[in-house]
Amino acid sequence: MASYQKLTPRSEDYSKWYNELVVKADLAEQSAVRGCMVIKPYGYAIWESIQAELDRRFKEKGVKNAYFPLLIPKSFLSREAEHVEGFAKECAVVTHHRLMNDPNGKGVVVDPDAKLEEELIIRPTSETIIWSTYKNWISSYRDLPILCNQWCNVMRWEMRTRLFLRTAEFLWQEGHTAHATKEEAEDFAKQMLDVYSDFVTDVMAIPVIKGVKSPNERFAGALNTYCIEAMMQDGKALQAGTSHFLGQNFAKSFDVQFLNNENKYEYVWATSWGVSTRLMGALIMTHSDDNGLVLPPHLAPIQVVIVPIYKKEEQLAELLAKLNPIADQLKALGIRVKVDADSKYTPGYKFADYELKGVPVRLAMGGRDLENNTIEIARRDTQSKETISLDGIVEVVKNLLEEIQKNLLKKALDFRIANTREVNSYEEFKEEVKKGGFILAHWDGTPETEQKIKDETKATIRCIPSIELPGHRTDEPGVCMVTGKPSAGRVIFALSY
RNA sequence: CGGGUAGUAGUUCAGCCCGGUUAGAAUGCCUGCUUUGGGAGCAGGAGGUCGUGAGUUCGAAUCUCGCCUACCCGACCA
């Protein structure tokens with residue numbers, strides 16, 4: 001059960017607040033293995049909602065789910081030069097296939113005779129195993145496009161881990177598509193970014209900026225990485241999703257060619273795109289407050305909790321006679337409702353606990369309400385509550401859920417706008433970066449300059465925005481704040497997760 | 001992976017410096033009664049090989065070393 005202790009306030013220690021919230025809201029906890037988390041039922045329910053909604057949207061694009069193996073032959077990774085360079089440092093490697101009793105002691109040890117001929121790596125991403133497979137699936141332009149996605153776990157041996165934000169093992173989906181033309185592949189990568197952007201905005205109520213990654217931040221092996229970037233409450237940026245145009249890099253590395261309608265061989269064009277359990281971190285750090293989690297209604301496992309306040313069993317029966325029909329009507333509208341008549345906890349305890357868990361709307365009814373034909377309705381996002389007439393309560397709740405959804409998005413967007421600013425000199429930039437938020441500045445487009453800025457300020461280019469930002473023009477030319485060389489437009493700099 | 005800090009009941013922590021009764025507290029948990037409009041009260045009860053493995057010692061939660069895990073700062077990264 002939840003602890004009585006309050007969360008560390010965000011203003012005191014943001015990082016501590018986050019860590020405590022994840023555990024106390026019952027989302028996830030540490031496991032015995034470094035960097036690997038246990039996602040608890042309440043947290044997993046949220047992830048399942050994310051999965052279900054995204055999966056539906058993928059399928060609308062014609063994407064089909066499949067499954068590729070966890071283990072990848074070590075040699076596959078090195079087929080694509082940049083890819084191996086990007087991932088080699090953080091791969092877990094399987095070297096043996098058997099254990100044996102320790103001949104001089106207790107327990108078991110690795111059997112030295114069971115060494116694998118070729119070592120296997122645990123997938124940090126699946127491009128290589130998938131492209132080695134696609135080679136067998138593709139021979140003609142009639143086989144294209146191939147649009148596959150898999151929901152799975154991957155492992156990257158991280159040095160410094162945090163629940164949901166950066167774990168050694170994490171859950172994600174990875175889509176991998178094969179196309180006959182460059183234009184089609186590039187277009188598909190952008191379409192999938194739109195899917196992410198719409199989902200994160202409409203369902204998670206997190207405003208995002210669509211854009212393109214600078215070369216330094218590009219996915220290892222991609223020609224272009226499109227991304228959505230969100231701003232957390234502490235002003236740091238978080239990459240919420242990426243979609244890559246892979247060109248023909250993997251097709252060439254794995255020799256995947258098709259015969260076009262002129263009977264000529266061509267290499268296949270590829271994309272890959274993914275979002276991970278990191279979205280859970282984005283969700284938490286966008287909306288939640290010092291009292292706990294705040295969930296957007298579209299994603300909340302429980303959207304409405306109903307708490308009867310009673311003194312005697314007879315009174316509970318009387319209250320439930322009123323409350324159960326309300327719950328049924330809400331359920332009939334597809335609203336996820338929980339009636340909590342458990343006598344084990346007092347109403348006050350329940351109020352605090354459901355706030356910690358982020359339930360968007362709470363209804364409470366007691367003796368006074370019975371007399372007056374009223375009910376108390378409280379919303380999690382603003383922490384406000386009022387007592388209203390029972391008449392039309394179902395409609396009121398339904399509308400309130402939508403209002404909360406909108407309000408959360410607006411609040412987050414207002415915050416982002418308030419913390420986005422233009423900077424023109426590098427001196428000013430150095431000062432402004434420390435304050436957090438997004439900084440729009442001119443950059444000469446070279447990796448060297450980007451690296452210099454990163455080394456000196458820790459800020460990186462989050463993206464070259466491809467959408468209009470409220471109150472700012474980013475597409476006007478200027479001069480690089482560092483080198484004075486020409487710049488095509490402003491890019492977004494920030495400290496990031 | 002480097003530097004720092006920490007690990008004792010489900011949880012938060014005291015005890016450790018200065019080794020020596022049966023290792024404590026709060027909270028949570030279980031039982032009963034009583035309560036229930038913002039984390040209720042009383043009574044009783046269960047719960048620990050002190051992260052782990054070695055070592056020092058007559059004796060280790062306490063001293064030494066290795067390892068594991070977490071947190072903070074770096075490097076790296078979704």
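Note that the structure is a prediction, hence the values are computed from the model and not measured. Residue numbering restarts at 1 for every chain, and letters A, B, ... go by the order of the sequence lines. Side chains are part of it too, since the values below use all heavy atoms of this structure and drop only hydrogens, waters and symmetry mates.
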>> Give me the distance, rounded to whole Å, that separates B:A14 from B:G7 when you measure between the P atoms they each carry.
In response: 7 Å
>> Looking only at the side chains, is there a donor atom on one of A:Ser15 and A:Arg162 sitting less than 3.5 Å from an acceptor on the other?
In response: yes
> Is there a Watson-Crick or G-U wobble partner for B:C18 with both distances under 3.5 Å, and if so, which one is it?
Replying inline: none
> Is A:Arg416 close enough and on-axis enough to A:Phe438, meaning under 6.0 Å and within 45°, for cation-pi?
Replying inline: no
>> Heavy atoms from C-beta onward define the side chain here; which of B:C29, B:C77, B:C1 lies closest to that of A:Tyr345?
In response: B:C29
> For A:Arg362, which contact category applies under a 4.0 Å heavy-atom criterion: base, sugar-phosphate, or nothing?
Replying inline: base
> Less than 3.5 Å between a donor and an acceptor, one on the side chain of A:Lys385 and one on the base of B:G38, is that the case here?
Replying inline: yes
>> Tell me which nucleotide, if any, is Watson-Crick or G-U wobble paired with B:A25 when both distances must be under 3.5 Å.
In response: B:U12
> Tell me: NZ of A:Lys24 to C1' of B:G28, nearest whole Å?
Replying inline: 13 Å
> What is the distance, rounded to the nearest whole Å, between atom CG of A:Leu7 and atom P of B:U11?
Replying inline: 17 Å
> With rounding to whole Å, what would you report as the distance between B:A40 and B:U35 at their P atoms?
Replying inline: 16 Å
> At under 4.0 Å between heavy atoms, what does A:Gly281 touch on the DNA or RNA strands: base, sugar-phosphate, or nothing?
Replying inline: nothing
>> Which nucleotide wins on minimum distance to the side chain of A:Lys344, given the candidates B:A70, B:C29, B:C76?
In response: B:C29
> Between A:Glu371 and A:Arg368, is there a salt bridge with N-O shorter than 4.0 Å?
Replying inline: no
>> What's the gap between B:U11 and B:G59 when it is taken at their C1' atoms, as a whole Å value?
In response: 32 Å
> When the P atoms of B:G28 and B:G74 are considered, how many whole Å apart are they?
Replying inline: 39 Å
>> Can you see if the side chain of A:Thr346 gets near the phosphate of B:G39 - specifically, an N or O under 4.0 Å from OP1 or OP2?
In response: no
>> I need the minimum non-hydrogen distance between A:Gln191 and A:Lys61, along with the two atoms involved.
In response: OE1-NZ, 3.1 Å
> Want to settle it: does A:Asp13 or A:Gly86 sit nearer the 5' end of RNA chain B, counting the closest nucleotide to each?
Replying inline: A:Asp13
>> On RNA chain B, compare the nucleotides closest to A:Arg462 and A:Lys350; which residue's is nearer the 5' end?
In response: A:Lys350
> Taking a pair as Watson-Crick or G-U wobble with both distances under 3.5 Å, which nucleotide is matched to B:A61?
Replying inline: none
>> Under the side-chain contact (heavy atoms from CB on, under 4.5 Å) test against A:Leu390, which residue among A:Asp369, A:Leu323, A:Thr374, A:Ile326 passes?
In response: A:Ile326
>> Using whole Å, what does the distance between atom P of nucleotide B:U36 and atom CG of A:Asp340 come to?
In response: 17 Å
>> Given B:C72, B:G38, B:G74, identify the nucleotide with an atom nearest to the side chain of A:Glu355.
In response: B:G38
> Which nucleotide, B:C77, B:C72, B:C71, lies nearest any side-chain atom of A:Ser15?
Replying inline: B:C72
> Can you tell me the Watson-Crick or wobble partner of B:G48, both distances under 3.5 angstrom?
Replying inline: none
> For B:G38, which nucleotide in any strand shown is its Watson-Crick or wobble partner with both distances under 3.5 Å?
Replying inline: none
>> Please pick, from B:C71, B:C76, B:G74, the nucleotide with the shortest atom-to-atom distance to any side-chain atom of A:Asn19.
In response: B:C71
>> Once you apply a heavy-atom cut-off of 4.0 Å, does A:Ala32 come out as touching a base, just sugar-phosphate, or nothing?
In response: sugar-phosphate
> So what's B:A6 paired with, Watson-Crick or G-U wobble, going by both distances under 3.5 Å?
Replying inline: B:U69
> Expressed in whole Å, how much space separates the C1' atoms belonging to B:G38 and B:G19?
Replying inline: 49 Å
>> Classify A:Leu238 by what it touches in the nucleic acid, base, sugar-phosphate, or nothing, heavy-atom distance under 4.0 Å.
In response: nothing
>> Nearest whole Å is fine: how far is B:G51 P from A:Arg34 CZ?
In response: 21 Å
>> Using the rule given for side-chain hydrogen bond (donor to acceptor under 3.5 Å, both in side chains), can you reason through A:Asp340 versus A:Tyr345, listing the C-alpha separation, both sets of side-chain angles and the distance that settles it, and then say yes or no?
In response: CA-CA 10 Å; A:Asp340 186 354; A:Tyr345 297 104; over 6 Å; no
>> Taking only the P atom of each, what is the distance from B:A54 to B:A61 in whole angstrom?
In response: 14 Å
> Where the side chain of A:Pro347 is concerned, which of B:G39, B:U36, B:C1 is the nearest nucleotide?
Replying inline: B:U36
> Looking at B:G39, B:A75, B:A70, which one has an atom nearest to any side-chain atom of A:Arg160?
Replying inline: B:A75
> Is B:A43 paired to anything, Watson-Crick or G-U wobble with both distances less than 3.5 Å, and if yes, which nucleotide?
Replying inline: B:U31
>> Given B:C71, B:A70, B:C77, identify the nucleotide with an atom nearest to the side chain of A:Glu158.
In response: B:C77
>> Rounding to an integer number of Å, can you tell me how far A:Glu456 CD sits from B:G74 P?
In response: 17 Å
> What is the nucleic acid contact for A:Thr161, judged by heavy atoms within less than 4.0 Å: base, sugar-phosphate only, or nothing?
Replying inline: sugar-phosphate
>> What's A:Gly241 touching, base or sugar-phosphate or nothing? Going by heavy atoms closer than 4.0 Å.
In response: nothing
> With rounding to whole Å, what would you report as the distance between B:C73 and B:U27 at their P atoms?
Replying inline: 34 Å
> Looking at A:Phe76, does the NZ or CZ of A:Arg79 lie under 6.0 angstrom from its six-membered ring centre and within 45 degrees of the ring axis?
Replying inline: yes
>> Does B:G74 have its OP1 or OP2 closer than 4.0 Å to a side-chain nitrogen or oxygen of A:Lys458?
In response: yes
>> Please report the distance, rounded to the nearest Å, between CD in A:Gln315 and P in B:U36.
In response: 10 Å
>> Once you apply a heavy-atom cut-off of 4.0 Å, does A:Phe219 come out as touching a base, just sugar-phosphate, or nothing?
In response: nothing
> How close or far is atom C1' of B:C76 from atom CZ of A:Arg156, stated in whole angstroms?
Replying inline: 13 Å
>> Quick test of your reading of the model: are A:Glu82 and A:Arg218 salt-bridged, counting only N-O distances below 4.0 Å?
In response: no
>> Would you measure the distance from the P atom in B:A9 across to the matching atom in B:G53 and give it in whole Å?
In response: 16 Å
> So, for A:Arg462 and A:Ala237, which heavy atoms are closest and what is the spacing to 0.1 Å?
Replying inline: CG-CB, 3.6 Å
> Under a 3.5 Å cut-off for both distances, is B:G74 Watson-Crick or wobble paired, and to whom?
Replying inline: B:C1
> Roughly how many Å is it from CG in A:Leu495 to C1' in B:C77, rounded to a whole number?
Replying inline: 15 Å
